[in-house]
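Here is the structure we will look at, set down as structure tokens.
The residues of the chain are indexed from 1 along the displayed sequence.
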Amino acid sequence: GSIAIAGAAVQWLRDNLGIISKASDVGELAGQVPDTGGVYFVPSFSGLFAPYWREDSRGVIVGLTQFTTKHHICRATLESVCWQSKEIIDVMNTESATPLLALKVDGGLTASDLCMQIQADLLGIAVDRPRMAETTALGAAVAAAVAVGDLELRRESATAGSARLVVTDTGAQVEFAAHTRFEPSVHPE
């Protein structure tokens, strides 16, 4: 599945609404309220991707009152990303014979402990955040280097059944093992 708007929703809060000055502010502001205050955000700026595939969908923020603050909107933004992920994972679990036991994440939003905890709570499974947030970009760079013969790689076992990628011609090690695990603090009924 694919989530069209995740980090871009945070950028939108910064660049279009001006309610945060840097992306990392979103988690800090969102953490200052216990919930969204009834605010819900569907950031379908360019349609909804999986599992709905509705290119005609447009974004919406609902539930605003005179008590709504930027804190509630920031929290609703983080929750919207987590709900999008949950919808895809629910479909994956339904259609596969093996339910997901943990979610390995990457990208800029993983810097928000609150976002990762919300995700773990919604899914009811552990969320593992790597030491390096941009593992997708790193993986693409490593794959390209291997493809052109600049790197030779081998797999080694590491703790907790994860793998450590070792770059043999430079001796550098790139570790994909999680450094932070977020366990669900609530369990879905």
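A heavy-atom distance below 4.5 Å is not found between the side chains of T180 and M116. Two residues are said to be in side-chain contact when any heavy atoms from C-beta on lie closer than 4.5 Å; C74 and L13 meet this criterion. Taking the side chain as every heavy atom from C-beta outward, L64 and V39 approach each other to under 4.5 Å. Between F182 and R129, some side-chain heavy-atom pair lies under the 4.5 Å cut-off. Two residues are said to be in side-chain contact when any heavy atoms from C-beta on lie closer than 4.5 Å; V105 and Q119 fail this criterion. Using a 4.5 Å heavy-atom cutoff, the side chains of R14 and D25 are not in contact. Within the 4.5 Å cutoff, the side chain of I118 has heavy atoms near those of the R75 side chain. Residues I73 and F41 are not in side-chain contact: their nearest non-hydrogen atoms beyond the backbone lie 4.5 Å or more apart.
Taken from CD in E28 to NE2 in H71, the straight-line distance is 8.5 Å, to the nearest 0.5 Å. With rounding to the nearest 0.5 Å, the separation of CG in L122 from CD in Q84 is 12.0 Å. How far CG of D90 is from CG of L100: 10.5 Å, rounded to the nearest 0.5 Å. Atom OG1 of T68 sits about 10.0 Å away from atom CD1 of I61, to the nearest 0.5 Å. Atoms CG and CG, on L29 and L114 in that order, are 11.0 Å from each other to the nearest 0.5 Å. Note that NZ of K70 and OG1 of T77 are 13.0 Å apart. Values are rounded to the nearest 0.5 Å.
Note on V81: it clusters hydrophobically with I19, by side-chain heavy-atom contacts below 4.5 Å among ILVMFWY residues. Taking hydrophobic clusters as Ile, Leu, Val, Met, Phe, Trp and Tyr residues chained together by side-chain heavy-atom distances below 4.5 Å, V91 does not share a cluster with F49. L48 and W53 are not part of a single hydrophobic cluster, where members link through side-chain heavy atoms under 4.5 Å apart. I5 is connected to W83 through a chain of hydrophobic side-chain contacts under 4.5 Å among Ile, Leu, Val, Met, Phe, Trp and Tyr, so both are in one cluster. Each of I89 and Y52 belongs to its own hydrophobic cluster when Ile, Leu, Val, Met, Phe, Trp and Tyr are linked at side-chain heavy-atom distances under 4.5 angstrom.
In terms of heavy atoms, L101 sits closest to I125 at O-CB, 3.5 Å. Closest approach of P184 and A126 over heavy atoms only: CD-N, 4.0 Å. When all heavy atoms are compared, the tightest approach of I20 to V10 is CD1-O, 3.6 Å. Nearest heavy atom pair, residue L78 against residue G27, reads CD1-CA, 4.0 Å. Nearest heavy-atom pair, D128 versus A102, reported as atom, atom and distance to 0.1 Å: OD2-CB, 4.2 Å.
Counting non-hydrogen atoms of other residues, nucleotides and ligands closer than 6.0 Å to CZ of F45 gives a total above 12. Atom CD of E55 has 12 or fewer neighbouring heavy atoms from other residues, nucleotides or ligands inside a 6.0 Å radius.
With hydrogens and angles ignored, the 3.5 Å screen pairs a side-chain donor or acceptor of S44 with a backbone N or O of R58. Distance alone, capped at 3.5 Å, is enough to place a donor-acceptor pair between the S96 side chain and the M92 backbone. Counting only distance, with no hydrogens or angles, the side chain of T36 and the backbone of H72 share no donor-acceptor pair below 3.5 Å.
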> Can you list the steps and then say if V42 with V62 is a side chain to side chain contact (heavy atoms under 4.5 Å, CB included)?
Replying inline: CA-CA 9 Å; V42 180; V62 297; over 6 Å; no

